[in-house]
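To keep things clear, I will list the structure first and then write my remarks on it.
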Amino acid sequence: MIEKDNPSVLFVCLGNICRSPLVEAVARRRCAEAGLRVALASCGTGNWHVGKGADPRMLRAAAAAGYDLAPHRARQVRSDDFSRHDWVLAMDRDNLDSLQSLRGDRGSKPTLFLPWAGMASPVEFPDPYFGDEDGFQQSVALAERAVDGLIARLRAG
Ligand code: 4NP
């Protein structure tokens, strides 16, 4: 149940250079097209890529589908993210474990993104980082499917 007019959603992966910035960009465009007022952000549980842009392979695959990741800069999750965002959505179970450890017992409870968006399968958003270019294209298609579910969920309130 969303209690605010303008809910805030945080997408979280490991590096914040592949999956979560992609999902953020897809959601940003689709929510704007759907006329939904929602604040969107992303971050990573790790700190290796803080301040860097999106992975060039992700940039290319996203650009081919019309999403511009060029402005993105990676940041690491902070303990105050749980009070600043209504929904803290993890791409995979490792991300979820890290978030649960950081959260303690206050603020929004992190949850897995794909099931939250109504998807039965896959449950985790596959990490394309160590794979080939195909994996990045599949990430875009999966992000688009999942964002359809996100919009349905936000609309339903
Ligand atoms: P992301 O992908 O979590 O979707 O941004 C990764 C990015 C970097 C690494 C792993 C996954 N890494 O090991 O540096």
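Nothing fancy with the numbering, it's 1 onward along the sequence. Ligands are counted one by one from 1 in listed order, and the atoms in each one are counted from 1 as well. Keep in mind that what you see is a predicted model, and the values were worked out from it rather than measured.
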Could you check Leu112, Leu150, Leu114, Asp148 and say which one makes a side chain to side chain contact (heavy atoms under 4.5 Å, CB included) with Met119? Leu114
Under 4.0 Å to a heavy atom of Cys13 - the qualifying atoms of ligand 1, by number: 1 (P), 3 (O), 4 (O), 5 (O)
In terms of atom number and element, which parts of ligand 1 are under 4.0 angstrom from non-hydrogen atoms of His49? 8 (C), 12 (N), 14 (O)
How far is atom 12 (N) of ligand 1 from its nearest protein heavy atom, and which residue and atom is that? Tyr129 CE2, 3.4 Å
Report, in ascending order of atom number, the atoms of ligand 1 lying under 4.0 Å from any heavy atom of Ile17. 5 (O), 7 (C), 8 (C)
Could you tell me whether some N/O pair between Pro128 and ligand 1 is separated by less than 3.5 angstrom? no
Indicate yes or no: does an N/O atom of Phe130 lie under 3.5 Å from an N/O atom of ligand 1? no
Donor-acceptor pair, side chain of Ser108 and main chain of His85, under 3.5 angstrom: yes
Heavy-atom distances under 4.0 Å decide this one: backbone, side chain, both or neither, for Met91 against ligand 1? neither
To which protein heavy atom is atom 11 (C) of ligand 1 closest, and what is the distance rounded to 0.1 Å? Asp127 OD2, 3.1 Å
Going through the distances and angles, do Arg29 and Tyr67 end up as a side chain to side chain contact (heavy atoms under 4.5 Å, CB included)? CA-CA 8 Å; Arg29 192 167 93 199; Tyr67 305 103; 3.5 Å; yes
So is there a nitrogen or oxygen of Ser20 less than 3.5 Å from a nitrogen or oxygen in ligand 1? no
With rounding to the nearest 0.5 angstrom, report the CG to SG distance, Asp94 to Cys13. 12.0 Å
Look only at the side chain of Arg73 and the backbone of Val50, and say whether a donor-acceptor pair between them is shorter than 3.5 Å. no
For ligand 1, does Asn16 get within less than 4.0 Å through its side chain, its backbone, both, or neither, judged by non-hydrogen atoms? backbone
Taking Glu124 first and then Arg93, would you say they form a salt bridge - that is, a charged N and a carboxylate O separated by under 4.0 Å? yes
Can any side-chain N or O of Ser139 pair as donor or acceptor with the backbone N or O of Gly135 at less than 3.5 Å? yes
Polar proximity ligand 1 side, Gly15 side, N/O cut 3.5 Å exclusive: yes
Using 30° and 60° as the class boundaries, would you call the ring planes of Phe113 and Phe125 parallel, tilted or perpendicular? parallel
Does NZ or CZ of Arg57 come closer than 6.0 Å to the centre of the six-membered ring of Tyr129, within 45° of the ring's axis? yes
Which of the atoms of ligand 1 are close to Cys18, meaning less than 4.0 Å from one of its heavy atoms? 1 (P), 2 (O), 4 (O), 5 (O)
Trp48-ligand 1 polar pair, N/O distance under 3.5 Å: no
